[in-house]
Amino acid sequence: MGRKHKYSNGKRRKPCVVVGAVKKHFARTASVSVDDYHFEIKQEVVDELKNNAQCEGNELCGVLMGTQVGNNLYRISKISPPCIKSHARCGCERDAAMANRFIEEDYNQSEYTRFYIGEWHTHPEDNPTPSSIDYSSIKDNYQSASLVVPFLIMIIVGTVSFHISIYNGDKFVKIDPKVV
């Protein structure tokens, strides 16, 4: 599950938060407490993820778009279609250019309310468990991507259930977002 973004070219960019048209930077040196945040996921997103479940064939992967809907309340509101550069039964490399086009187009179409919030991919197992590559990819993206929020969400779609966790720059915490 290779994750590549337009900002993963080795140059470190300062993390920022966009408030209106103003970018504000947050410090990556201190991780945020996951307990301070709450998460929701739209039913349409759940349905799309289920439609991509890997019952047979190769892994699929893409990006998650989210919105801030309240004070420290974030909603996973849209997923990209599969953005695949190469893939196999147990592995997927995301096409960075395709993913970045989707992110930019969706950001503009949403009138700047939806932003990149994480990654999704499939596993050929009922109840998916993240691999070391999955963890590494999210950690690398956290360090290299230009983020709007101080965390990244990882969703792994299994054939029966999902694994959903958040990475805050320090650790992964499994979450169970409310379906809305």
Side-chain angles (χ1 to χ4, degrees), residues 1-28 32 36-52 59-87 92-122 134 137-157 162 164-169 175 177-180:
M1 178 188 82
R3 306 281 198 261
K4 299 195 184 216
H5 289 279
K6 66 181 176 182
Y7 299 122
S8 62
N9 60 3
K11 295 179 184 175
R12 298 283 187 220
R13 302 209 184 240
K14 288 187 177 182
C16 64
V17 176
V18 178
V19 180
V22 178
K23 287 187 176 183
K24 296 189 176 185
H25 296 277
F26 62 86
R28 278 192 217 256
V32 297
D36 293 341
Y37 294 90
H38 304 283
F39 299 93
E40 298 176 343
I41 186 168
K42 289 180 78 172
Q43 182 65 54
E44 302 90 71
V45 171
V46 171
D47 295 341
E48 285 184 62
L49 289 168
K50 285 180 181 178
N51 288 337
N52 285 305
E59 278 192 16
L60 301 174
C61 53
V63 295
L64 302 168
M65 299 298 285
T67 54
Q68 184 171 1
V69 293
N71 192 24
N72 291 342
L73 175 61
Y74 294 89
R75 179 177 296 149
I76 303 164
S77 51
K78 191 169 184 178
I79 68 166
S80 71
C83 301
I84 302 165
K85 185 173 185 177
S86 66
H87 62 144
C92 185
E93 182 177 354
R94 186 173 43 70
D95 184 315
M98 184 185 297
N100 285 318
R101 273 192 307 275
F102 174 81
I103 291 167
E104 186 173 339
E105 288 170 5
D106 190 62
Y107 177 71
N108 292 330
Q109 288 173 357
S110 71
E111 297 183 349
Y112 320 110
T113 60
R114 277 192 302 264
F115 46 84
Y116 169 72
I117 199 167
E119 304 279 326
W120 70 270
H121 72 282
T122 62
D134 296 336
S137 295
I138 294 295
K139 286 178 181 180
D140 289 346
N141 283 355
Y142 180 86
Q143 290 301 321
S144 62
S146 183
L147 301 175
V148 174
V149 290
F151 56 80
L152 276 180
I153 296 173
M154 172 175 62
I155 297 180
I156 303 174
V157 181
F162 300 154
I164 305 175
S165 59
I166 180 174
Y167 180 65
N168 67 355
I175 61 171
K178 177 181 176 183
V179 178
V180 294

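The first residue of the sequence shown is numbered 1, and numbering continues consecutively from there.
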If you measure from CZ on F102 to CD1 on I79, what distance do you get to the nearest 0.5 Å? 8.0 Å
Using ring centroids (six-membered ring only for Trp), state whether Y167 and F151 fall under 6.0 Å. no
Which atom names give the shortest non-hydrogen contact between Y37 and P150, and what distance separates them? OH-CG, 3.6 Å
Sorted by chain and number, sequence neighbours left out, side-chain hydrogen bond (donor to acceptor under 3.5 Å, both in side chains) with N52 holds for none
Which atom pairs, donor and acceptor, lie under 3.5 Å between side-chain atoms of residues 64-74 and protein residues at least two apart or in another chain?
from	atom 1	to	atom 2	distance (Å)
Q68	NE2	G70	O	3.2
N72	ND2	D36	O	3.2

Any pair with a residue in residues 66-84 that passes salt bridge (charged side-chain N to carboxylate O under 4.0 Å, His left out), sequence neighbours left out, goes on the list, sorted by first then second residue, please. E40-R75, K78-D106
Heavy-atom nearest pair, C61 first then H121, reads CB-CB, 3.7 Å
Check: I155 and I41 side chains under 4.5 Å, non-hydrogen atoms: yes
Any chance you could measure M154, atom CE, to S165, atom OG, to the nearest 0.5 Å? 3.5 Å
Residue set satisfying side-chain contact (heavy atoms from CB on, under 4.5 Å) with Q43, at least two apart, ordered chain then number -> V46, D47, V179
Could you tell me which non-hydrogen atom of I138 sits nearest to which non-hydrogen atom of I153, and how far apart they are? CD1-O, 4.5 Å
Starting from the C-alpha separation in whole Å, work towards a yes-or-no answer on side-chain contact (heavy atoms from CB on, under 4.5 Å) for L152 and E119. CA-CA 8 Å; L152 276 180; E119 304 279 326; 5.7 Å; no
Listed partners of E105 passing salt bridge (Lys or Arg N to Asp or Glu O under 4.0 Å), at least two apart: none
What residues form a salt bridge (Lys or Arg N to Asp or Glu O under 4.0 Å) with E48, not counting sequence neighbours? none
Can you name the closest pair of heavy atoms from P81 and W120 and give their distance? C-CZ2, 4.3 Å
Please check: side-chain N/O of S80 versus main-chain N/O of G62, any donor-acceptor pairing under 3.5 Å? no
